[in-house]
Amino acid sequence: MKLADNKATLSFSNGSPSVEMPVYQGNIGPDVIDIRKLYAQTGMFTYDPGFLSTASCQSGITYIDGDKGELLYRGYPIEQLATNVDYLDTCHLLLKGELPNATERVDFHKLVTNHTMVNEQMQFFLRGFRRDAHPMAVLTGLVGALSAFYHDSTDINNPEHREIAAIRLIAKMPTLVAMAYKYGVGQPFMYPQNDLSYSGNFLRMMFGTPCEEYKVNSVIERAMDRIFILHADHEQNASTSTVRLCGSSGTNPFAAIAAGVACLWGPAHGGANEACLNMLEDIQRQGGVSKVGQFMEQVKDKNSGVKLMGFGHRVYKNYDPRAKLMQETCNEVLEALGLENDPLFKLAKQLEKIALEDDYFVQRKLYPNVDFYSGIVQRAIGIPVNLFTGIFALARTVGWIAQLNEMIGDPEYKIGRPRQLFTGSVKRDVKPLDQR
Ligand code: ACO
């Protein structure tokens with residue numbers, strides 16, 4: 001960390017001595033005030049629920065400029081990555097800091113490919129779930145259970161264990177997601193086929209059956225790969241912070257990533273694409289485009305509790321750059337599948353148009369996020385709505401593991417232990433039952 005020339009001074013109106021705090025500069029983005037000694041010096045904590053003004057770590061992986069609508073992985077704009085490299089190249093970049101050269105690329109693709117199979121015993125574990133279990137419930141369990149199957153990569157303090165756990169997680173997530181899906185629909189599990197690309201293999205494990213050869217559609221393969229790239233990492237979001245906090249206790253990588261999967265499930269985070277598609281289907285059922293105006297009135301009414309899902313973002317206060325790329329992919333996929341007149345896509349475009357022109361959204365800087373279009377693409381591909389968040393988890397696994405490994409390698413890393421402002425009862429005595 002680079003010290004800035006200036007310092008911050010905190011003064012108090014009650015005459016307590018003021019405190020000076022160092023300021024650090026990042027390579028881009030806001031500076032941070034180092035408050036680590038604040039408690040020792042003043043006996044006070046800072047208060048910041050939701051981390052609105054708190055940098056929880058230093059990181060060199062992903063950078064977002066929410067006002068510009070810019071997303072960089074290791075310095076590379078998401079637009080360039082989404083058009084020039086594939087998901088496994090992106091994984092190499094996020095994990096190791098650089099895009100692979102030609103030899104590294106072959107080696108890395110081969111390495112991941114060699115780990116796509118899961119321990120055969122995992123399917124018996126999976127069979128313990130109800131067939132109608134939500135795939136995210138199943139995935140939380142399966143990912144956590146990996147630590148029971150791969151004992152040789154559970155020591156978070158061993159760099160070799162961390163490396164192999166990272167590769168295993170990236171390689172096995174598509175297999176697990178596809179297994180969760182096949183189990184729900186009652187079809188046989190498909191083993192990975194390693195001469196296919198990462199996305200092609202995933203599509204085959206999802207939609208292939210042992211009865212006939214599965215031909216990968218190149219437009220869908222590219223779309224899937226783009227969905228993976230766009231969701232690969234996103235700085236210190238809720239699930240990534242969960243993974244870091246969970247991993248900070250020294251727990252094994254599989255357990256920490258399972259915590260990330262659980263966090264991602266929430267509708268304010270990864271569950272938004274599922275919620276968004278359900279919302280579009282609801283409006284469609286009620287009359288489609290003609291009901292958009294009425295729906296928007298509900299969204300703007302604070303008492304209705306209705307939100308326009310797929311809109312708004314904690315960090316992007318300009319267009320989410322991933323949403324633009326996703327809209328492009330949406331057009332490509334719908335055209336390739338002859339679904340250009342898909343009513344949900346039309347409805348989404350209409351909602352977006354109205355929202356972008358409406359004062360409520362303009363004033364609050366609410367724009368479509370990546371989930372606004374990703375649901376339509378996935379639905380067109382044939383992915384069931386309740387698996388959308390599972391696809392997101394698959395893609396984000398590399399981000400989680402890269403951030404976890406970065407944290408463990410950081411000399412300043414400590415177990416995460418936030419403090420609190422206590423507002424409960426002060427000390428009191430337990431009274432006998434007849435006096436309570
Ligand atoms: N629809 C309607 N109003 C909204 C929406 C929305 N989608 N999002 C925010 N607002 C309003 C809020 O009601 C609030 O209004 P107010 O100032 O009058 O009270 C204002 O905009 C600011 O919203 P906050 O909730 O304070 O913004 P925050 O940064 O905390 O929330 C969040 C961001 C959770 C993403 C929110 O915009 C939301 O719930 N969106 C819908 C869910 C969604 O799409 N999530 C996906 C996030 S991206 C991802 O995980 C990949």
Side-chain angles (χ1 to χ4, degrees), residues 48-54 62 64 66-67 69-71 73 78 82 136 226-243 260-280 282-283 292-327 329 348 351-378 385 388-400 403:
D48 187 18
F51 300 104
L52 295 177
S53 297
T54 298
T62 293
I64 304 170
D67 292 323
E70 184 176 72
L71 169 62
Y73 292 167
I78 191 69
M136 285 303 277
R226 180 171 277 191
I227 290 177
F228 294 159
I229 294 176
L230 298 186
H231 289 86
D233 195 42
H234 215 228
E235 276 202 4
Q236 307 311 319
N237 55 83
S239 57
T240 302
S241 299
T242 300
V243 169
V261 176
C263 176
L264 191 74
W265 192 358
H269 191 13
N273 51 14
E274 179 174 346
C276 179
L277 204 88
N278 287 335
M279 171 192 82
L280 292 174
D282 268 357
I283 305 174
V292 165
Q294 196 182 322
F295 176 74
M296 284 309 227
E297 287 314 309
Q298 276 183 299
V299 167
K300 291 191 282 180
D301 174 7
K302 288 275 162 210
N303 300 320
S304 72
V306 177
K307 276 196 168 178
L308 181 54
M309 299 314 286
F311 256 72
H313 197 276
R314 171 60 60 79
V315 183
Y316 292 117
K317 300 302 172 194
N318 192 327
Y319 213 94
D320 177 346
R322 302 167 303 171
K324 274 188 195 150
L325 293 157
M326 211 61 251
Q327 194 191 31
T329 297
L351 275 173
E352 180 182 8
K353 186 169 177 293
I354 293 182
L356 293 179
E357 287 166 359
D358 192 301
D359 248 15
Y360 175 95
F361 292 91
V362 174
Q363 275 170 15
R364 290 171 179 77
K365 299 189 175 178
L366 298 170
Y367 294 91
N369 58 52
V370 63
D371 289 330
F372 197 63
Y373 286 107
S374 72
I376 299 172
V377 177
Q378 293 186 60
V385 176
F388 289 0
T389 318
I391 306 280
F392 189 165
L394 183 176
R396 182 56 57 84
T397 293
V398 66
W400 288 330
Q403 300 264 355

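We count ligands from 1, going down the list as the structure has it; atoms in each ligand are counted the same way. In this text the structure is predicted, and so the values were computed from the model without any measurement.
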Using side chain to side chain contact (heavy atoms under 4.5 Å, CB included), reason through Tyr316 and Asn369 one step at a time and then give a plain yes or no. CA-CA 8 Å; Tyr316 292 117; Asn369 58 52; 5.9 Å; no
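- Summarising the contacts of atom 41 (C) of ligand 1 with Tyr316, Phe392, Phe311, Phe372, the nearest heavy atom is found in Phe311.
- Heavy-atom contacts of Val299 reach the following atoms of ligand 1: 1 (N), 2 (C) (cutoff under 4.0 Å).
- Contact detail for Leu308 and Ala355: the closest heavy-atom pair is CD2-CB, 4.0 Å.
- There is a protein heavy atom closer than 4.0 angstrom to atom 1 (N) of ligand 1.
- Looking at Lys300, Lys307, Met296, it is Lys307 that brings a heavy atom closest to atom 25 (O) of ligand 1.
- For atom 28 (P) of ligand 1, the closest heavy atom belonging to the protein is Arg314 NE, 3.6 Å.
- Within the 4.0 Å heavy-atom shell around ligand 1 one finds Lys302.
- Applying the salt bridge (charged side-chain N to carboxylate O under 4.0 Å, His left out) rule to pairs touching residues 297-307 yields Glu297-Lys300, Lys300-Asp358, sequence neighbours excluded.
- Contacts between Asp371 and ligand 1, counted as non-hydrogen atom pairs separated by less than 4.0 Å, involve the side chain only.
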Applying side chain to side chain contact (heavy atoms under 4.5 Å, CB included), run through Phe295 and Leu351 and close with a yes or a no. CA-CA 9 Å; Phe295 176 74; Leu351 275 173; 4.0 Å; yes
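- In Tyr360, the part holding a heavy atom less than 4.0 Å from any atom of ligand 1 is the side chain.
- Within ligand 1, the atoms closer than 4.0 Å to a non-hydrogen atom of Gly310 are 43 (C), 44 (O), numbered from 1 in the order shown.
- Looking at atom 7 (N) of ligand 1, its nearest protein heavy atom turns out to be Leu308 O, 2.7 Å.
- Considering all non-hydrogen atoms of both residues, Arg322 and Leu230 come closest at CD-O, 3.3 Å.
- Among all protein heavy atoms, the one lying closest to atom 42 (C) of ligand 1 is Met309 CE, 3.4 Å.
- Contact record, Ser239 with His269: OG-NE2, 2.9 Å, taken as the closest heavy-atom pair.
- Of the protein's non-hydrogen atoms, the one nearest atom 35 (C) of ligand 1 is Gly312 O, 3.7 Å.
- Leu366 CD2, 3.4 Å is the protein heavy atom nearest to atom 9 (C) of ligand 1.
- For atom 38 (C) of ligand 1, a protein heavy-atom neighbour is present inside the 4.0 Å cut-off.
- For atom 13 (O) of ligand 1, the nearest protein heavy atom is under 4.0 Å away.
- Of the candidates Gln363, Lys365, His313, it is His313 that places a heavy atom closest to atom 48 (S) of ligand 1.
- Proximity of atom 45 (N) of ligand 1 to the protein is indicated by at least one non-hydrogen atom lying closer than 4.0 angstrom.
- Contact annotation: for Arg364 versus ligand 1, heavy atoms closer than 4.0 Å belong to the side chain alone.
- Taking a distance limit of 4.0 Å, we find that atom 50 (O) of ligand 1 is approached by some protein heavy atom.
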Under the side chain to side chain contact (heavy atoms under 4.5 Å, CB included) criterion, do Asp371 and His231 qualify, and how do the steps go? CA-CA 10 Å; Asp371 289 330; His231 289 86; 3.8 Å; yes
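- Panel note: side chain Asn273, backbone Ser374; no donor-acceptor pair is recorded below 3.5 Å.
- Those atoms of ligand 1 that come under 4.0 Å of a heavy atom in Ala272, given as number and element, are 43 (C), 44 (O), 45 (N), 46 (C).
- Residue-ligand proximity, His269 to ligand 1, at heavy-atom distances under 4.0 Å covers atoms 46 (C), 49 (C), 50 (O).
- A search for ring pair (Phe, Tyr, Trp, His ring centres under 6.0 Å) contacts involving Phe361 returns Phe311, not counting sequence neighbours.
- The backbone N or O of Pro368 sits nowhere less than 3.5 Å from a side-chain atom of Asp320 that would complete a donor-acceptor pair.
- Cation-pi geometry between Lys317 and Tyr367 is not met: the NZ or CZ atom fails to fall both under 6.0 Å from the ring centre and inside 45° of the normal.
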Ring pair (Phe, Tyr, Trp, His ring centres under 6.0 Å) between His234 and Tyr73: does it pass, once the steps are laid out? CA-CA 9 Å; His234 215 228; Tyr73 292 167; 8.2 Å; no
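- Annotation for Tyr360: atom OH counts as buried by contact number, over 12 foreign heavy atoms lying within 6.0 Å.
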